[in-house]
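Proteins get letters first, then strands, A, B, ... in listed order; numbering begins at 1 in each. No experiment lies behind these values; they were computed from the predicted model shown.
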Amino acid sequence: MLVARHRAALRVSETLDLNRCERFLQHEARLLDDGKFDDWLALFTPDGSYWVPSEPDQDNPHDTVSLIYDDRRLLETRVRRLASPRIYSQEPRSRTSRIVSNVSIEDGDNNACTVRSKLLMVEYRRGGQRLFAGTAFHRLVQADGLILIASKRVNLLNCDAPLDGIVVPF
Amino acid sequence: MHSDGAGEIAIRQMRQNGAPYSFWESQVGIWTYPNGHSYLGDYHDDAKLVAALKDPVFREYIAALERKKGKAEAKRVLEVRRWNSNIYPNVSLMSQFQQLRVVYPIAVNRTVVHSYSFRLKGAPDQMFRNTISFANIVNGTGSLVLTDDLEIYNRLEMGMSSEGSEWLQIGRGYQSDVGDAHGGRRGKNSTSEVYIRNMLDAWLGLMTKGHAAPVRAAS
């Protein structure tokens with residue numbers, strides 16, 4: 001129960017400073033590398049969203065197609081599917097290794113902020129290895145001492161290239 | 001569960017994709033035409049579609065269409081309810097979702113598909129947003145639907161690159177296909193591989209400029 005441990009580690013009065021945000025992003029990356037997708041989902045607010053645009057500088061997810069745009073309901077569907085034994089695209093499962101770095105707080109206050117970070121993810125599956133690079137923007141909010149993701153946007157370097165399926169979340 | 005509406009059409013689509021085998025066997029048709037073209041007949045219950053007749057956005061669209069084209073023409077347009085229209089060799093239309101796909105063969109083991117989403121002039125803005133949501137979930141690189149499809153395409157490629165089998169079996173439905181008045185053949189139901197045979201038939205015709213032994217009877 002990583003979520004519970006995470007909760008216990010926080011003091012209610014703590015501000016959302018760079019150090020805490022960075023630790024939070026590393027915690028998130030670890031959950032994803034470990035395939036703990038339910039725990040990852042639990043990091044999102046009840047109206048949280050996850051977005052991977054298909055164009056550099058894409059303005060919004062409604063008027064242009066995206067590689068991924070999940071509102072909370074679709075995100076839950078995605079995570080449920082990741083747990084299904086009939087998910088052929090994860091038979092065999094991917095292994096991922098990601099590095100989160102260059103973390104900065106773009107704007108915000110003690111209880112909500114936008115965090116920018118660089119992401120490198122290597123995915124290995126069935127003899128093939130792929131490298132993804134990009135910039136992530138997390139809108140983090142603090143509620144009852146817990147940090148949650150209100151929205152997450154990942155700008156892939158090659159977002160407008162032809163790509164094979166993306167199944168494991170960034 | 002929170003939804004900003006983006007998932008609405010996606011959820012409907014995924015439920016529809018999960019229809020039982022008997023549904024595909026008994027309620028969906030597939031039609032083929034000379035020169036390799038084909039279409040899959042609509043199998044959607046209107047209530048489950050983005051074009052749901054009771055949907056307020058779609059009602060608004062129908063009203064706009066009737067104002068522009070008249071009631072009779074609007075009715076005729078709306079009753080063309082095809083799922084996939086496939087124009088040989090590499091174009092696929094999903095008219096209900098205002099979508100066009102073009103398949104580009106790059107190499108024997110590499111294919112790129114481009115999807116285009118269209119905004120209908122004078123239609124409600126939300127209709128286009130539904131089209132985008134549909135593309136996200138059905139055609140997107142990270143979509144819940146396409147990723148499993150891509151996996152199957154990749155497995156087919158692996159199978160074909162093996163030496164396990166010299167021939168591909170595409171005979172499903174062969175004995176139950178029927179001719180139709182347009183010079184094509186129709187599958188008894190949507191699981192017939194008649195459209196694949198029809199494409200290969202067109203290909204053979206192009207490759208041999210019509211000098212091949214007649215195989216249409218077998219398609």
Side-chain angles (χ1 to χ4, degrees), chain A residues 41 44-55 58 60-82 84 86-94 125-128 130 132 150-151 154 156 158-170, chain B residues 1-15 17-18 97-99 101-104 106 109-119 125-158:
Chain A
L41 178 66
F44 283 80
T45 60
D47 60 351
S49 62
Y50 168 56
W51 182 26
V52 186
S54 70
E55 293 179 355
Q58 187 173 329
N60 70 70
H62 302 296
D63 297 313
T64 304
V65 74
S66 297
L67 299 185
I68 295 166
Y69 175 64
D70 289 346
D71 63 11
R72 173 75 193 207
R73 180 166 66 164
L74 281 178
L75 192 57
E76 290 187 10
T77 307
R78 183 178 298 279
V79 167
R80 214 167 40 241
R81 180 169 165 275
L82 279 164
S84 165
R86 291 201 187 127
I87 179 168
Y88 306 114
S89 54
Q90 280 293 284
E91 189 187 58
R93 292 267 164 189
S94 297
R125 179 171 182 263
R126 199 168 53 202
R130 292 196 292 175
F132 294 97
S151 66
V154 179
L156 282 189
N158 57 343
C159 64
D160 51 357
L163 293 164
D164 203 350
I166 293 172
V167 183
V168 179
F170 295 110
Chain B
M1 217 182 309
H2 178 82
S3 170
D4 69 3
E8 209 52 45
I9 185 176
I11 299 288
R12 278 191 214 141
Q13 181 55 37
M14 285 185 280
R15 285 193 182 129
N17 279 4
F97 301 100
Q98 296 83 52
Q99 189 178 84
R101 277 179 291 177
V102 183
V103 180
Y104 293 96
I106 308 293
N109 60 352
R110 190 168 166 81
T111 303
V112 174
V113 181
H114 287 196
S115 299
Y116 301 86
S117 296
F118 291 89
R119 191 192 296 271
D125 288 344
Q126 185 59 42
M127 255 186 94
F128 184 63
R129 293 192 160 198
N130 287 345
T131 297
I132 294 296
S133 295
F134 177 82
N136 285 348
I137 217 64
V138 175
N139 310 104
T141 301
S143 92
L144 292 165
V145 173
L146 186 78
T147 42
D148 276 336
D149 287 354
L150 288 173
E151 171 66 13
I152 299 306
Y153 302 158
N154 284 330
R155 289 186 192 183
L156 289 172
E157 196 178 290
M158 286 162 66

- Message: Looking at chain B, which one of A/G165, A/S89, A/S54 has the largest number of heavy-atom pairs inside 4.5 Å, strictly under?
- Response: A/S89
- Item | Check: B/I132 and A/T64 side chains under 4.5 Å, non-hydrogen atoms | no
- Task: Determine whether A/T77 and B/L144 make a side-chain contact, defined as any pair of heavy atoms from C-beta on separated by less than 4.5 Å.
- Result: yes
- Got more than 12 heavy atoms from elsewhere within 6.0 Å of CZ, B/F128? yes
- chain A contact via B/T141 - which portion, at a heavy-atom distance below 4.5 Å: both
- Query: Are any non-hydrogen side-chain atoms of B/T147 and A/R81 less than 4.5 angstrom apart?
  - Reply: yes
- Measure the CG-OG1 distance between A/D63 and B/T131 for me, rounded to the nearest 0.5 Å. 11.0 Å
- Message: Need one label for B/N139: side chain, backbone, both or neither, based on atoms under 4.5 Å from any heavy atom in chain A.
- Response: neither
- Message: Heavy-atom pairs under 4.5 Å with chain B - which of A/V167, A/V52, A/I68, A/D164 has more of them than the others?
- Response: A/D164
- Message: Is A/I166 in contact with chain B via its backbone, its side chain, both, or neither, using a 4.5 Å heavy-atom distance?
- Response: both
- Query: Any side-chain heavy atom of B/N136 within less than 4.5 Å of one from A/L74?
  - Reply: no
- Task: Answer with side chain, backbone, both or neither: which region of A/P169 has an atom nearer than 4.5 Å to a non-hydrogen atom of chain B?
- Result: neither
- Of the backbone (N, CA, C, O) and the side chain (C-beta and beyond), which part of A/V65 lies under 4.5 Å from a heavy atom of chain B, both, or neither? both
- Message: Would you say that B/N154 contacts A/R126 through its side chain, given a criterion of any heavy-atom pair below 4.5 Å between the two side chains?
- Response: yes
- Query: CG/B/D148 to CD/A/E91 distance, rounded to the nearest 0.5 angstrom?
  - Reply: 9.5 Å
- So, the part of A/L75 with a heavy atom under 4.5 Å from chain B: the answer is neither
